[in-house]
Amino acid sequence: MPFFNYLNTNHAEGPKKWYIKACPGDPVKVYLPAKALLREKNVYVSGNAEMYNEDKVLTNVKVYFEASADISLFFMHLALLVDIKSEVEDSSTGSAVFEAGTHIGYLYTPPQGTYSLDFGVEDEGVDSELTSNDDHWWNIRANPLDYFTEEVRQSILEAYQSNYQRLLDDGYTAFADLKDSRSNFNEDGKIWGVWFKDE
């Protein structure tokens, strides 16, 4: 699903993260797309410990990996491998570096329901000017597609094409083009955009 909360009327619009879904009961492995540092303080567990696809996981985890001093990538609702969290906790520094391609967990899809995996990028060098606070998450989140190599970008776009075509056919394409990397969707002279109340 494209962008942040697209077609979700409970939240404001904008390309702040991707929702990735899978069929219920179908284990989908999640791999780290870049070499990155994980700190113990950047792992937030809301779910439970359980076995999933013969691996010990913690469900409903929000986790931030630091790819550089300015760029972090995050996952929400991840079924994180217990081994990943243990490696961080057992280190003397409370952190560990993981290589690109490391299996970090699963897109959790229990038989009785559907979960989505949220994926996004925060870049301190980005300022979408949506709030007066330069480093507020609204301002520093960026389009994840911009951070992949051209080859991977093309494979993502090809995989997304059928979903994009469905949105086109259904008339739900206001900002469904993954290539549009704007963080600020305000349209000059039009009512469409991200609106904030003063409070």
Shared hydrophobic cluster for [X] and [Y] (ILVMFWY, side-chain gaps under 4.5 Å):
{"X": "V152", "Y": "L157", "value": "yes"}
{"X": "F74", "Y": "L80", "value": "no"}
{"X": "V57", "Y": "L38", "value": "yes"}
{"X": "I84", "Y": "L37", "value": "no"}
{"X": "I156", "Y": "I20", "value": "yes"}

Just verifying a value: how many Å separate E40 CD and S95 OG, rounded to the nearest 0.5 Å? 9.5 Å

Counting only N and O atoms by type, is there a donor-acceptor contact under 3.5 Å from the side chain of [X] to the main-chain atoms of [Y]?
{"X": "T102", "Y": "Y31", "value": "no"}
{"X": "D118", "Y": "K17", "value": "no"}
{"X": "S86", "Y": "D83", "value": "no"}
{"X": "S68", "Y": "D70", "value": "yes"}
{"X": "N53", "Y": "D55", "value": "no"}

Are the side chains of [X] and [Y] in touch, meaning some heavy atoms are under 4.5 Å apart?
{"X": "Y44", "Y": "Y64", "answer": "yes"}
{"X": "F65", "Y": "S72", "answer": "no"}
{"X": "E66", "Y": "N42", "answer": "yes"}
{"X": "M76", "Y": "V63", "answer": "no"}
{"X": "L117", "Y": "Y19", "answer": "no"}
{"X": "N60", "Y": "Y108", "answer": "no"}
{"X": "E124", "Y": "D135", "answer": "yes"}
{"X": "L78", "Y": "K62", "answer": "no"}

Nearest heavy-atom neighbours spanning [X] and [Y]:
{"X": "L107", "Y": "K21", "value": "CD1-C, 4.0 Å"}
{"X": "A159", "Y": "S162", "value": "O-OG, 4.1 Å"}
{"X": "V121", "Y": "P144", "value": "CG2-CA, 3.9 Å"}
{"X": "A142", "Y": "V126", "value": "CB-CG2, 4.2 Å"}

Would you please test K35 and V97 for side chain to side chain contact (heavy atoms under 4.5 Å, CB included) and show each step? CA-CA 7 Å; K35 183 177 182 179; V97 174; 3.6 Å; yes

Classify the angle between the aromatic ring planes of Y106 and H103 as parallel (below 30°), tilted (30 to 60°) or perpendicular (above 60°). perpendicular

Which word best sums up how the rings of W18 and F119 line up, parallel for under 30°, tilted for 30 to 60°, or perpendicular for over 60°? tilted

Taking it one step at a time, do Q165 and Y160 satisfy side chain to side chain donor-acceptor pair (under 3.5 Å)? CA-CA 9 Å; Q165 188 59 52; Y160 177 64; over 6 Å; no

D123 with R141: basic N within carboxylate O range, under 4.0 Å: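 No, this pair does not count.
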
Looking at E150, I want to see if its CD is surrounded by more than 12 non-hydrogen atoms of other residues, nucleotides or ligands under 6.0 Å. yes

Checking side chain to side chain contact (heavy atoms under 4.5 Å, CB included) against L58, which of N48, V43, V45 comes through?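 When N48, V43, V45 are each tested with L58, the side chain to side chain contact (heavy atoms under 4.5 Å, CB included) holds only for V45.
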
Check the pair R166 / N163 against side chain to side chain donor-acceptor pair (under 3.5 Å), numbers first and verdict last. CA-CA 5 Å; R166 181 181 57 79; N163 191 42; 2.6 Å; yes

